[in-house]
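First comes the structure, then the notes that go with it.
Just so you know, these numbers come straight off a predicted model, no measurement behind them. Just so you know, these numbers use all the heavy atoms, side chains as well, and skip hydrogens, waters and symmetry mates. First listed ligand is number 1; within each ligand, the first listed atom is number 1.
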Amino acid sequence: MSIILAIESSCDDTSAAVLRDDMLLSNVIASQKVHEQYGGVVPELASRAHEQNIIPVVDGAIREAGISKEEIDAVAFTRGPGLMGSLMVGVSFAKSFAQALGKPLIEVNHLQAHVLSHFIDRGEPRPQFPFICLLVSGGHTQILLLKSHFEMEVLGQTIDDAAGEAIDKAAKIMDLGYPGGPIIDRLAKEGNPDAYRFATPQIPGYDYSFSGIKTSFLYFLRDRLKEDPDFIEKHKADLCASIQKTIVGFLLKKAERAAIDHKVSQMAIAGGVSANSLLRSELQRICDKHHWQAFIPPFKFCTDNAAMVGIAGYFKYLKGEFADISLPPYTR
Ligand code: KG4
Ligand code: ZN
């Protein structure tokens, strides 16, 4: 039996979690509102907010878990990728906390953590190897072939923007607010997904490209706004539904292809964009069609959280893979 304290601070969420083996005891997340007014994460403000949040968040996670500090067996932390200033706060805190307790450190890769969130014990079936995971966040878009917990073959990835970034930029073009993902998801529910068509680029293999979709969306709106300055306001829901369908369709078409080609019958999604309702329902529909199993994370494990860092840390703990206190964070 092991108790792991996990810390995540790679972007704009400060989070701490406690796990007993693969069971989650607590998962506290402080989201930073300060970035909304700027329409994107401001790195300097993010690290400042992490500094303010980290102690109450860790304290909250320990209290909520009902454990004492002394019971912690190891401290897991996100080492990267992420924003340097943000990572620094979590990494330094984890190091000093572990040292004060005399416990080992475990470094965790943020992307692996997103994928491994599927292995947190929720009393439900977990993926079996090999399986395909579509990892979609604000910073990454990858099709991964999982061969074991830490063997992830990157079959394809974006050559420019990430899927979440594309969605956020589309929202920004329409002046909907930040982060745009959840707003577009909500507005799309009232719109017609076939109202407008946006071409997806021809990229070979399992790779993606999103910058062209964003540009064609921008030019499309520019032309319409010349004729009608209220075009966006009037057709907001249809625009959201159409751009969401374009992006989700593109994402899943390649992921489905990858599963067929690799004769894999299980597909998972992970990362912030996996909170998207269309992506979730379409993944389920595709898997049902092929008689595959779909793994869709609960909402709280989609966007950045320390629970996923904790489960990744737990698997490393089992292998005895501990980190040296001198390890610096990495941004990519
Ligand atoms: O994984 P995450 O929290 O942070 C990164 O590691 O990037 O992902 C954040 C991204 C943002 O782009 C956000 O707009 C997107 O996830 N997102 C969504 C939804 N909820 C969050 N995108 C589409 N639909 C959603 N419901
Ligand atoms: Zn993330």
Report task. Take the angle between the ring planes of Phe315 and Phe150 and call it parallel below 30°, perpendicular above 60°, tilted in between. Result -> perpendicular
Query raised in the report: Does Arg186 come within less than 4.0 Å of ligand 1, judged by its heavy atoms?
Result: no
Query raised in the report: Which atoms of ligand 1 are found less than 4.0 Å from any heavy atom of Gly164?
Result: 12 (O)
Query raised in the report: Counting both backbone and side chain atoms, is some N or O of Asn276 under 3.5 Å from an N or O of ligand 1?
Result: yes
**Report entry** The single option from Val41, Asp168, Asp12, Ile167 passing side-chain contact (heavy atoms from CB on, under 4.5 Å) against Pro179
**Finding:** Asp168
Requested in this report: For Thr303, take its heavy atoms, then give the atoms of ligand 1 lying under 4.0 Å from any of them.
Outcome: 3 (O)
**Report entry** Name of the Asp304 atom (N/O/S only) found closest to the Zn ion (ligand 2)
**Finding:** OD1
Report summary line: ligand 1 atoms nearer than 4.0 angstrom to some heavy atom of Gly138 are 5 (C), 7 (O), 8 (O), 9 (C), 10 (C), 12 (O)
Query raised in the report: Relative to atom 15 (C) of ligand 1, which among Ile184, Val273, Asn305 owns the nearest non-hydrogen atom?
Result: Val273
Query - salt_bridge(Lys226, Asp223) N-O dist < 4.0 Å - result: yes
Query raised in the report: Would His114 count as a contact for the Zn ion (ligand 2), in the sense that one of its N, O or S atoms lies under 2.8 Å from it?
Result: yes
Query raised in the report: Quick one: do Lys254 and Asp207 make a salt bridge, cutoff under 4.0 Å?
Result: no
Query raised in the report: Any salt bridge between Asp238 and Lys234, counting N to O under 4.0 Å?
Result: no
**Report entry** N, O or S atom of His140 closer to the Zn ion (ligand 2) than 2.8 Å
**Finding:** no
Requested in this report: State whether a side-chain donor-acceptor pair under 3.5 Å links His149 with Gln112.
Outcome: no
Report task. Would you tell me whether Thr246 and Gln244 have side-chain atoms, one donor and one acceptor, within less than 3.5 Å of each other? Result -> no
Requested in this report: Please report which non-hydrogen protein atom sits nearest to atom 13 (C) of ligand 1, along with the residue it belongs to and the distance in Å to one decimal place.
Outcome: Asp168 OD1, 3.8 Å
**Report entry** Polar atom proximity, Asp304 to ligand 1 (N or O, under 3.5 Å)
**Finding:** yes
**Report entry** Short N-O contact, Glu282 and Arg285, less than 4.0 angstrom
**Finding:** yes
Query raised in the report: Do any N/O atoms on Gly272 end up under 3.5 angstrom from N/O atoms on ligand 1?
Result: yes
Report summary line: ligand 1 to His110, heavy atom cutoff 4.0 Å, flagged ligand atoms 6 (O)
Query raised in the report: For the side chain of Arg79 and the backbone of His110, is there at least one donor-acceptor N/O pair under 3.5 Å apart?
Result: no
Query raised in the report: Is the shortest distance from a heavy atom of Gly139 to ligand 1 less than 4.0 Å?
Result: yes
Query raised in the report: Can you tell me if Gln244 has a non-hydrogen atom under 4.0 Å from ligand 1?
Result: no
Requested in this report: Mark up the atoms of ligand 1 that fall under 4.0 Å of a heavy atom belonging to Ala275, in ascending order.
Outcome: 20 (N), 26 (N)
Query - Cationic tip of Lys316 above Phe322 ring, under 6.0 Å, 45° of axis - result: no
Report task. Would you mind telling me if ligand 1 is within reach of the side chain of His114, the backbone, both or neither, using heavy atoms under 4.0 Å? Result -> side chain
Report summary line: If you scan protein heavy atoms around atom 26 (N) of ligand 1, the nearest is Asp185 OD2, 2.9 Å
Requested in this report: Specify whether Phe220 and Phe231 have parallel, tilted or perpendicular ring planes, treating 30° as the upper limit for parallel and 60° as the lower limit for perpendicular.
Outcome: perpendicular
Query raised in the report: How close does the nearest protein non-hydrogen atom get to atom 22 (N) of ligand 1, and which residue and atom is it?
Result: Gly181 CA, 3.4 Å
Requested in this report: May I ask you to decide whether Asp228 forms a salt bridge with Arg224, counting only side-chain N to carboxylate O separations under 4.0 Å?
Outcome: no
